[in-house]
Each structure stands twice: as structure tokens, then as C-alpha cells.
Amino acid sequence: MSKAISRRDFLKVSGAVGAAGLLAACGGSSNAGSTATSTAASSAAASVAGLSSDPVTLTMSWWGGESRHNAYQEAIKAFSAEHSSITVNPTFAAWSGWEDTMSTKFAGGVAEDVCQINWNWLYNYSKNGQTFIDLNSVSDYLDLTQWDEAKLAACNVANAQQCVPVSMTGRIFYWNKTTFDKAGISFPTTLDELMAAGKTFQEKLGDDYYPLHLGAYDRMILMVFYLESKYGKDWADPTTSTLNYDADQIAEGIDFIKSLVEGHVIMSLPTYYGSNGDNAAHQSTEWITGKLAGCFEWDSSATKYADALDEENKAGFTVGEEIKFGDYNGGFSKVSMGLAITKTCEHPAEAATLINFLLNEEKGASIMGSECGIPASKAGLAAAQSAGAVKELVAEANGKVMAFVSNQLDPLFESNDLKATGTGIYQEVFDTLDYDNASGADLVDTLLDGMESVGYTV
């Protein structure tokens, strides 16, 4: 690679130091944490004790943008007003580095009582039911009938209902009409139009304008979207994580991403890092001012990207259509995130009461609205809609995603060793692609080796 340090190299060092410090702060090694978790798992009862008559303090953690932080905090205030004996202490931050922090907490047995989690964390950190309780044991306090059986089943791992889904999500294109109007073109809906947009932006607006932005993980998701669109099959078997694509096809997918860089459709990663370091795309000056005029993001992220734009560009934010890259509809939907209760929680009945308030009850669900995506709870969705708290942008994006995507996601795709910002295999592949001007054939073995190391059959 280039002698210039990449974001992957930098974060690999700083992430290791941070994780070591957190484990030290927990007062023990990862083995000690595993023992604590194992003990909690073995002592779990079929049902839990009732609500305490004494004051109770709960902890809760989540990641997200400012609007999500505000919604959670307002909903927690409303919960505390109704349940004056229960105090909730929150911990929250942006996504960058969040999974590294939480994985260390899970290993150390010091995670919060109620955790917002990614779907694949059930497999990564609790595949044997060692980290999160079976929510069937608190069904007297959490109404599980508000979720469709299929959505609950997606969160049932090791024969335990380890979380409830907050929302379902998928990826969609967002565009900045203000910038596209300056370029004199409409939003792309085919690969040819996308490539033509890159050339037009460069010629009419200049070298620092791009029709689309993709980070390393975004590039991996779009690559899979492209391959699924062309070949009409899941990236991997959703149950066994057996890869459905051979090395030549994957190399073709990597070269597709390379063609977007070469065609001035997306900014090269070294160029982006040089201006923004580790900042997320919506925090970059280029996005805020409209120089990056599109992104491929989760439908639940619509508000975050729209709100970040400056006054000149905010009105131009538009939910696009999925791009047709082939004869099939590529892409996948998944459980966006869930709420789970850790086995180290001393007050699971109160924790379940909190989750029920946030997701099922009118007061809580109307405050949460669509800040975590379109609510998966039937009662929660009805309450949010009645309160006018479902944001039109999020609803539009979610509707377009769910009407288009046709593939299933396997639980290993989002393994932290693969997708971690700065240190994951996906980052290594696409950093190397840009830094070294490598080809798909050069990098396919790196990707396959990384996938095999987390459990894929390749």
C-alpha cells in the first residue's frame, strides 16, 4: 500500500488501545467477563421476579444521530414521569467505534441493562444465549404480540427471544436535487445514467463534485447489490452462510466499485480521508455543501442526512429510486436494530417495562416516532402515525426499499471483523483498491480469506 497511513491502519492501533483501556477499567480480563456472563446464563430462570417496591436504577445504551438521541431522552423522561421509582441512566454516541465499545462491554459483563443492538450481534455475542435474556421470561411486562411472528423469529437465536425488532430497514439512494439541477441532469436510475452523471458532474461542476458518496462498508453493500441484481441470488445462504458467488464473480463486483471511482461517480477513499479523516459522510463539508450529491444509506438514516445539509441544499434532499443494475432486484432488508436486556441486568421486569413503553405504548412510541426507522411494533406504528411522528422522508424511503429488494441477509455479513470502520476486511479491500490502484483479481482472496475467518463457507 501507499506509505501514507490509511484510516484502517490508524484505527487498528487506536482501537486496540481503546479496547484494552476499557477492559482494564472493567476490573478484569475477558475471561473473567466470560465467566460472569456464563454464570448469569446458567442462573437464568424461566420467568423473572415482579416489579420491585423499592427505587430501581436502569442503564440503557444506543447509538445514532442527534435527532435519535433527543427522541430517546425525551421518551425516557416521559417514562420516568409515569414510573417515578425507576431511574434510567443513558449512554449514547454516534456509530463510529460503537460496536468495538459494546463488544468489549459484552465480553467484560458490564454492558448496560437495556441495549440497542444490531441484529447480527445476537450471533456475534450471544449465539448460545449467553449475553441477552429470553424476553419470553418478561412477557408479563413486554407485549410480544405486537410483532409479527416472522419479525420475532428473526430475533430468536439459541431458542430464545433475545431481542425485539425496533424496525426493518434496507438501503436506498438519496440525492441532492439542488446540485443535480446545477449539473442540469436528473437522478440516475440505471448504471449507464449513474456513470454518465459522474462525467457530467466533473465537466460542469468541477473535480470536487461527485454524484454519489460511498464509504468502505457502503461500497461492500453496493457491490453485493450489484451482483445480486445481475445474477439473481443471495450473497450467501441466509441459514448456513455458504457463499453463493465464485471468485471471478466477486472480482467482477470489486471492479464495478473501481469503475465508479475511475468514472468520477464516487470520491476515492484517500481523497475523502484527506479532507475528513474518520468523520461520517453526513458530517463532511462536502456533503453539507452539496459537493457530494448522493449517498446509499439505510432508510432509517434519511433524517440524519437531510438535517445535515446547509440552508442552500436542504430543500433539495430527495429519496431516490433503487437503481436497476441488472435483470433482478438486488439488495436486502433486515432487522434494523433491536432492544435487548442483558443477563447482568438486576431488574429485568423494569427493563422490559421500559422497552414496552418505548416501542408499544402510546406516549413512548409517539415520541420515538420513526427516529429508529418505521416501527415494527403494530401498536407502536399506530401510535406514531396517530401523533404525526412518522417522518415522511423515512416512510417514503422504507416503502421504496421494501417494495424493491428481494434478497435475504445472512448473519455473518455484518460481523465486526468484516465491517468495522477503519479496521475491518471490507475497509482493507476498498482502501487497497484505491491506495494501490489494485484490481478485483488482486483483492478477491483477501475478501474471501476474511469471510472464511468469521465462519463463511467459501
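It should be emphasised that the depicted structure is a prediction, and the values quoted were computed from it without experimental measurement. All residue numbers refer to positions in the sequence shown, counting from 1.
Across all their heavy atoms, T178 and G316 have their closest contact at OG1-CA, 3.5 Å. Nearest heavy-atom pair across I323 and P188 is CG1-O, 3.7 Å. Of all heavy-atom pairs spanning A383 and S366, the tightest one is O-CB, 4.0 Å. In this structure, I288 and H282 approach most closely via the heavy-atom pair CG1-O, 3.8 Å. The shortest non-hydrogen separation linking R68 to E371 is NE-O, 3.1 Å. Nearest heavy atoms, I425 versus G450: CG1-CA, 3.9 Å.
Taking the ring centre of Y245 as origin, the terminal cationic atom of K233 falls inside the region bounded by 6.0 Å and 45° from the ring axis.
Using cut-offs of 30° and 60° on the angle between ring planes, the pair F180 and F201 is perpendicular. Ring planes of F106 and Y125: tilted class, angle from 30 to 60°.
Remark: side-chain polar atoms of Q146 are paired, donor with acceptor, to backbone N or O of A379 under 3.5 angstrom. Of the possible donor and acceptor atoms, none in the side chain of D299 sits under 3.5 Å from a partner among the backbone N and O of E396. A donor-acceptor pair under 3.5 Å is absent between the side-chain atoms of S284 and the main chain of A280, judged by distance alone. Proximity of a side-chain donor or acceptor of Q408 to a complementary backbone N or O of P238 within less than 3.5 Å is not detected. W287 places a side-chain N or O within 3.5 Å of a backbone atom of Y305 that can act as its donor or acceptor partner. Judged by distance alone, the side chain of D410 and the main-chain N or O of L412 form a donor-acceptor pair under 3.5 Å.
Two residues are said to be in side-chain contact when any heavy atoms from C-beta on lie closer than 4.5 Å; C372 and V166 meet this criterion. Residues F173 and V319 form no side-chain contact, since every pair of their non-hydrogen atoms from C-beta on lies 4.5 Å or further apart. Put simply, the side chain of N120 does not reach to within 4.5 Å of the side chain of F413, judged on heavy atoms. Proximity of F332 to D234: side-chain heavy atoms (C-beta onward) are nowhere separated by under 4.5 Å.
Here OH of Y226 is found 9.5 Å from CD1 of I257. Values are rounded to the nearest 0.5 Å. With rounding to the nearest 0.5 angstrom, the CG atom of N407 is 9.0 Å from the CZ atom of F225. Rounded to the nearest 0.5 Å, atoms OG1 (T200) and NE2 (H264) are 10.5 Å apart. With rounding to the nearest 0.5 Å, the separation of CD1 in I266 from CZ in R219 is 3.5 Å. Interatomic distance, Q385 CD to S370 OG, rounded to the nearest 0.5 Å: 10.0 Å. Atom-to-atom distance recorded for Y426:OH and Y217:OH is 6.5 Å, nearest 0.5 angstrom.
Using a cut-off of 4.0 Å between Lys/Arg side-chain N and Asp/Glu carboxylate O, K258 and D434 are scored as not salt-bridged. Under the 4.0 Å criterion applied to side-chain N and carboxylate O atoms, K304 and E66 are not assigned as salt-bridge partners. Ion pairing between a basic and an acidic side chain is recognised when a charged N comes within 4.0 Å of a carboxylate O; E321 and K400 show such pairing. Contact check on E414 versus K334 returns a salt bridge, with a Lys/Arg side-chain nitrogen under 4.0 Å from an Asp/Glu carboxylate oxygen. Using a 4.0 Å cut-off between charged nitrogen and carboxylate oxygen, K324 and E228 do not count as a salt-bridge pair.
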Can you give me every donor-acceptor pair (side chain of residues 207-215, partner residue at least two apart or in another chain, under 3.5 Å) with its distance?
residue	atom	partner	partner atom	Å
D207	OD1	Q202	NE2	3.1
D208	OD2	K291	NZ	2.9
Y210	OH	D207	O	3.4

Exercise for the section: Before giving the answer on salt bridge (charged side-chain N to carboxylate O under 4.0 Å, His left out), spell out for D327 and K230 the whole-Å C-alpha distance, their side-chain angles and the decisive distance to 0.1 Å. Expected result: CA-CA 6 Å; D327 293 333; K230 183 171 182 179; over 6 Å; no

Exercise for the section: Quick one: do E262 and K199 satisfy salt bridge (charged side-chain N to carboxylate O under 4.0 Å, His left out)? Show the steps, please. Expected result: CA-CA 10 Å; E262 292 177 339; K199 182 178 180 181; over 6 Å; no

